A.B. asks: 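Dropping a structure here in structure tokens format, bear with me for questions.
All values reported here derive from a predicted model rather than from experimental measurement. Just so it is clear: chains get the letters A, B, ... in the order the sequence lines come, proteins before strands, and each one is counted from 1.
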There are 2 protein chains.
Amino acid sequence: MRNVDKRDVPAVTVPRLALYLRKLRELRARGVERISSKDLAETIDLNAAQIRKDFSYFGEFGTRGVGYEVARLVDEISHCLGLDRSWNVIIVGAGLLGTALARYRGFSEQGFRLVAMFDSSAAVIGASYGTGRVRSIGDLEDFCRKEQVDIALVTVPAAEADGTVGRLAAAGVKAVLNFAPVKVHAPEDVLVRQVDLSSELMSLTFYLDREQA
Amino acid sequence: MRNVDKRDVPAVTVPRLALYLRKLRELRARGVERISSKDLAETIDLNAAQIRKDFSYFGEFGTRGVGYEVARLVDEISHCLGLDRSWNVIIVGAGLLGTALARYRGFSEQGFRLVAMFDSSAAVIGASYGTGRVRSIGDLEDFCRKEQVDIALVTVPAAEADGTVGRLAAAGVKAVLNFAPVKVHAPEDVLVRQVDLSSELMSLTFYLDREQA
DNA sequence: GAATGTGAATTTATTCACAGCA
DNA sequence: TGCTGTGAATAAATTCACATTC
């Protein structure tokens, strides 16, 4: 991967890289050694030029007339996405969703290390879910300042989400995945992404024919 | 809302409608009766013209020189999104994520009714989570054909997701929210949306400065 | 006077189409 | 010959700017 200014990469390209990576890992696991942009495009229902252009923001990963080496591409895209290192993750909010996420294997498989969880309820403090032991929410700032916390998953009730993100930002956490259905505020240099299940459902109902029984 | 061909509505407008709706409900709950596109835009960090244009695909909801009546707007957007009726939802896969979703209050609050869950493990069949009683996966098609199932949330292991979606489609389910980290195949007339947590995390790590400790 | 609704202008993203290279 | 990599063309989305209406 050549040196890239991330602002030159279209925002829509990034989630597509994750999609390519998943499919390429699957191909590699199946023993496929080479693939063309055309064939890859077919399996994920996309335009082949789209894929080539997405790669082109980062360098030249293929061989003209031949295609792409799957193993090389997996390495390159992993590197583009910052997945060639591990990232420390905390979960704030040890409710149903937080504890389910803590035990979700998908995270650790991608190099995300759950290093702690936080909750305000004495009933769960001390319990462990996956690799995450629940600490008191009062220790949040201390922990974030002492340990290298890269990403926080926020699964607290909606009313507390904004305050929680503020505390995380103040304690130096630079990336937040917010599962509470509210828009949260954070300084410019803190990345916030929203995961919103009822929003997803609404996008489905929009397209569902409302004349159904 | 005037009669609208949904294909004329840009795809990106739909999730924004859900966002507007949430904020407007919050404003209504706080007793705010009127709002301008400028003020609404500020609270959700968007361009005011964007909001007005999004509304304009569906009709004229405001009053020139005055702004929008919050209550009216809530009703109009709810109607646009198909939220003025209730939708029957099933969850296929009663693992950690499936059961967490089943007990998540956000769904029922928006008019989504969890009518059943399905799993292959005898250990969970018969158990109830929220309003969802777990049935045998063998009964999936029968149930979908007899009851009106509008949306299926698929929380089965990745290896089974594609087959599960195929069965749902064959049984007449027209919308699927897939939580398994694989691209699933479905007929043209079946809507599939992907919710992918590790993808979201990767979009964060891309932008995180990789020079961190 | 104030804010909507919307064509026109701009920006961003996708797709085409072909030069360049194995 | 076959497929990448990429400028050019097209399409889509956003933003501007203003006529219109209350």
A.B. asks: Return the value, rounded to whole Å, for the distance between atom CZ of Phe55(B) and atom P of dT4(C).
C.D. replies: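 Rounded to whole Å, this separation is 9 Å.
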
A.B. asks: Mind calculating the distance between CG (Leu73(B)) and P (dA3(C)) to the nearest angstrom?
C.D. replies: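 So the CG-P distance, Leu73(B) to dA3(C), works out to 16 Å.
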
A.B. asks: If you look at every strand shown and take non-hydrogen atoms under 4.0 Å, does Arg34(B) touch a base, only sugar-phosphate, or nothing?
C.D. replies: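 Answer is nothing: Arg34(B) stays at 4.0 Å or more from every strand.
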
A.B. asks: Assess, by modelled atom type and distance only, whether the side chains of Thr13(A) and Asp54(A) contain a donor and an acceptor separated by less than 3.5 Å.
C.D. replies: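 Yes, a side-chain donor-acceptor pair sits under 3.5 Å.
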
A.B. asks: Quickly work out the Phe61(B) CZ to dT6(C) C1' distance and round it to whole Å.
C.D. replies: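 Taking CZ of Phe61(B) and C1' of dT6(C), I get 15 Å after rounding.
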
A.B. asks: Using a 4.0 Å cut-off to any heavy atom of chain A, which nucleotides of DNA chain D are the first and last in contact, reading 5' to 3'?
C.D. replies: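 Footprint of chain A along DNA chain D, 5' to 3': dG2(D) to dA8(D).
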
A.B. asks: Classify the nucleic acid contact of Tyr68(B) as base, sugar-phosphate or nothing, counting any heavy atom under 4.0 Å across all strands shown.
C.D. replies: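 The residue Tyr68(B) makes sugar-phosphate contact but no base contact.
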
A.B. asks: If you draw a 6.0 Å radius around CZ in Arg34(A), do more than 12 non-hydrogen atoms from other residues or ligands fall strictly inside?
C.D. replies: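 No - once you tally the heavy atoms of other residues, nucleotides and ligands closer than 6.0 Å, there are 12 at most.
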
A.B. asks: What nitrogen or oxygen pairs link the protein and nucleotides 19-21 of chain C at under 3.5 Å?
C.D. replies:
unit_1: dG20(C); atom_1: N3; unit_2: Arg64(A); atom_2: NH1; d: 3.4

A.B. asks: Return the 5'-most residue of the pair Arg52(A), Thr13(A) with respect to DNA chain C, ranking by each residue's nearest nucleotide.
C.D. replies: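 That would be Thr13(A).
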
A.B. asks: At their closest point, which heavy atom of Gln194(A) faces which heavy atom of Ala180(A), and how far apart are they?
C.D. replies: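 For Gln194(A) and Ala180(A), the tightest heavy-atom pair comes out as NE2-O, 2.6 Å.
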
A.B. asks: When you look at CZ of Arg103(A), are more than 12 heavy atoms from neighbouring residues, nucleotides or ligands closer to it than 6.0 Å?
C.D. replies: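 Above 12, so yes.
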
A.B. asks: Distance check needed: dT12(C) C1' versus Gln50(B) CD, whole Å only.
C.D. replies: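 Nearest whole value for this atom pair: 13 Å.
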
A.B. asks: I need the minimum non-hydrogen distance between Leu17(B) and Cys80(B), along with the two atoms involved.
C.D. replies: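 What the structure gives for the nearest pair is CD1-CB, 4.4 Å.
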
A.B. asks: Expressed as a whole number of angstroms, how long is the span from Glu60(B):CD to dT6(C):C1'?
C.D. replies: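 Going from CD in Glu60(B) over to C1' in dT6(C) covers 9 Å.
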
A.B. asks: How would you label the contact of Ser37(A) with the nucleic acid (heavy atoms, under 4.0 Å): base, sugar-phosphate, or nothing?
C.D. replies: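 The answer is sugar-phosphate, as Ser37(A) gets under 4.0 Å only of primed atoms, P, OP1 or OP2.
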
A.B. asks: Would you please confirm or rule out a distance under 4.0 Å between OP1 or OP2 of dA22(C) and any side-chain N or O of Thr63(A)?
C.D. replies: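 For Thr63(A), the contact criterion (side-chain N or O under 4.0 Å from OP1 or OP2 of dA22(C)) is not met.
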
A.B. asks: Give the rounded distance in Å between these two atoms: OH of Tyr57(A) and C1' of dA13(C).
C.D. replies: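 Value for this atom pair: 7 Å.
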
A.B. asks: Roughly, in whole Å, what's the span from CG in Asp45(A) to C1' in dT14(C)?
C.D. replies: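 Distance, rounded to whole Å: 15 Å.
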
A.B. asks: Between dT11(C) atom P and Asn47(B) atom CG, what is the distance in whole Å?
C.D. replies: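 Distance check: Asn47(B) CG to dT11(C) P gives 14 Å.
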
A.B. asks: Check whether NZ of the Lys or CZ of the Arg Lys6(A) lies under 6.0 Å from the centre of the six-membered ring of Phe206(B) and within 45 degrees of that ring's axis.
C.D. replies: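 Ring-cation test returns yes.
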
A.B. asks: Locate the shortest heavy-atom distance separating Asp150(B) from Val173(B); write the atom from each residue and the value.
C.D. replies: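 Scanning both residues completely, I find the closest heavy atoms to be O-CG1, 4.2 Å.
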
A.B. asks: If you count the non-hydrogen atoms of other residues, nucleotides and ligands that lie under 6.0 Å from CZ in Arg105(A), is the total more than 12?
C.D. replies: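 Atom CZ in Arg105(A) is not crowded, with 12 or fewer foreign heavy atoms closer than 6.0 Å.
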
A.B. asks: Counting only heavy atoms not in Arg7(A) (residues, nucleotides, ligands), do more than 12 fall under 6.0 Å from its CZ?
C.D. replies: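 Incorrect, the count does not exceed 12.
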
